K.L.:
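I have a structure I would like to understand better, so I am pasting it below and will then ask my questions one at a time.
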Amino acid sequence: QVQLVESGGGLVQAGGSLRLSCAASGRTFSSYGMGWFRQAPGKEREFVAAISWFGSYLSYADSVKGRFTISRDNAKNMVYLQMNSLKREDTAIYYCAGTRLSGVQKSNRLYDYWGQGTQVTVSS
């Protein structure tokens, strides 16, 4: 029902910023909670941020709190992740995901749809 495509990744120096975008297609996009996850080499996929159906609830991993901001524009079928003050530890493939569950979900197992991922590399 939903297809997700991420963009905006790339190479950035530590302390810099990137804005990731996730374009969604399909019916009833506003009925999906959205999340960002990331996976670094040799590591498990981890939760980054989530936003509820209408943006009323937000959740962030402690490692990115205060630096990253998740937002959505349902009229444009878009989800964003603004990343500021980037660190080498933020280097990973970032995935956009959608869930039909309400609230904010932090587990990979609770998401139904996934994008292909976009690479973010932070250099020192």
Side-chain angles (χ1 to χ4, degrees):
Q1 291 181 301
V2 174
Q3 291 184 329
L4 306 174
V5 180
E6 303 96 332
S7 62
L11 176 65
V12 64
Q13 293 186 356
S17 298
L18 282 174
R19 183 179 176 87
L20 304 184
S21 298
C22 175
S25 61
R27 295 188 298 272
T28 61
F29 171 74
S30 62
S31 296
Y32 290 85
M34 303 298 297
W36 287 96
F37 293 78
R38 67 186 183 185
Q39 188 166 20
K43 304 294 184 181
E44 295 183 351
R45 188 170 299 183
E46 66 175 350
F47 168 78
V48 176
I51 186 168
S52 62
W53 291 348
F54 302 107
S56 298
Y57 298 94
L58 307 174
S59 184
Y60 298 93
D62 289 340
S63 59
V64 306
K65 191 175 299 182
R67 300 187 298 119
F68 290 11
T69 303
I70 187 172
S71 62
R72 67 189 299 163
D73 187 339
N74 290 341
K76 296 181 179 180
N77 292 343
M78 296 290 292
V79 182
Y80 307 98
L81 184 68
Q82 178 67 47
M83 305 185 295
N84 299 326
S85 301
L86 283 162
K87 307 173 181 179
R88 286 194 298 108
E89 304 94 284
D90 297 318
T91 295
I93 300 175
Y94 283 71
Y95 297 90
C96 177
T99 176
R100 289 170 289 181
L101 300 177
S102 62
V104 288
Q105 306 297 333
K106 302 178 181 179
S107 174
N108 294 344
R109 297 184 297 272
L110 300 179
Y111 283 80
D112 306 295
Y113 306 100
W114 293 85
Q116 82 289 347
T118 185
Q119 177 70 49
V120 172
T121 302
V122 184
S123 62
S124 300

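As the structure is a computational prediction, the values presented were derived from the model and not from experiment.
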K.L.:
Which heavy atom in Ser52 sits nearest to a heavy atom in Ser56, and how many Å separate them?
P.N.:
OG-N, 3.2 Å
K.L.:
For Phe47, which residues count as a ring-ring contact (aromatic ring centres under 6.0 Å, His included) partner, sequence neighbours excluded?
P.N.:
Phe37
K.L.:
According to a hydrophobic-cluster definition based on side-chain heavy atoms being under 4.5 Å apart (Ile, Leu, Val, Met, Phe, Trp, Tyr only), do Tyr95 and Val48 belong together?
P.N.:
no
K.L.:
Using every non-hydrogen atom in the two residues, find where Trp53 and Gly33 come nearest and quote the distance to one decimal.
P.N.:
CD1-N, 3.0 Å
K.L.:
With sequence neighbours left out, write down each residue that passes side-chain hydrogen bond (donor to acceptor under 3.5 Å, both in side chains) with Ser124, or none if nothing qualifies.
P.N.:
Arg88
K.L.:
Could you state whether Val64 and Val122 fall into the same hydrophobic cluster, counting links through intermediate Ile, Leu, Val, Met, Phe, Trp or Tyr residues with side-chain heavy atoms under 4.5 angstrom apart?
P.N.:
yes
K.L.:
Kindly state each residue pair satisfying salt bridge (charged side-chain N to carboxylate O under 4.0 Å, His left out) with at least one member in residues 111-124, sequence neighbours excluded.
P.N.:
Arg100-Asp112
K.L.:
Can you tell me how far the CG atom of Leu4 sits from the CG atom of Asn77, to the nearest 0.5 Å?
P.N.:
10.5 Å
K.L.:
Give the C-alpha distance, both sets of side-chain angles, the deciding distance and a yes or no for side-chain contact (heavy atoms from CB on, under 4.5 Å) between Cys22 and Trp36.
P.N.:
CA-CA 9 Å; Cys22 175; Trp36 287 96; 3.8 Å; yes
K.L.:
To the closest 0.5 Å, what do you measure between CG (Leu81) and OH (Tyr60)?
P.N.:
8.0 Å
K.L.:
CD of Gln82 to CG of Leu18: how many Å apart, nearest 0.5 Å?
P.N.:
8.5 Å
K.L.:
Between Leu20 and Glu6, is any pair of side-chain heavy atoms under 4.5 Å apart?
P.N.:
no
K.L.:
In Å and rounded to the nearest 0.5 Å, what is the CD1 to CE distance from Ile51 to Met34?
P.N.:
9.5 Å
K.L.:
Do the non-hydrogen side-chain atoms of Gln119 and Thr91 ever get within less than 4.5 Å of each other?
P.N.:
yes
K.L.:
Are Met83 and Val12 co-members of a hydrophobic cluster defined by side-chain heavy atoms under 4.5 Å apart?
P.N.:
yes
K.L.:
Roughly how far apart are Arg19 CZ and Thr69 OG1, rounded to 0.5 Å?
P.N.:
9.5 Å
K.L.:
Applying the 4.5 Å side-chain criterion to the ILVMFWY set and letting contacts propagate, would Leu101 and Tyr32 be lumped into a single cluster?
P.N.:
no
K.L.:
Val79, Val2: one ILVMFWY side-chain cluster at the under-4.5 Å cut-off?
P.N.:
yes
K.L.:
Of the non-hydrogen atoms in Met78 and Ser21, which two are nearest, and what is the gap between them?
P.N.:
CE-CB, 3.7 Å
K.L.:
Provide the full list of side-chain hydrogen bond (donor to acceptor under 3.5 Å, both in side chains) pairs with a residue in residues 7-17, sequence neighbours left out, each pair given once.
P.N.:
Ser17-Asn84
K.L.:
Just how far is it from atom OG of Ser63 to atom CG of Asp90, taken to the nearest 0.5 Å?
P.N.:
7.0 Å
K.L.:
Among all residues two or more places apart in sequence or in another chain, which pass the ring-ring contact (aromatic ring centres under 6.0 Å, His included) test with Phe68?
P.N.:
none
K.L.:
Considering residues at least two apart in sequence or located in another chain, which fulfil the side-chain hydrogen bond (donor to acceptor under 3.5 Å, both in side chains) criterion with Tyr94?
P.N.:
Arg38
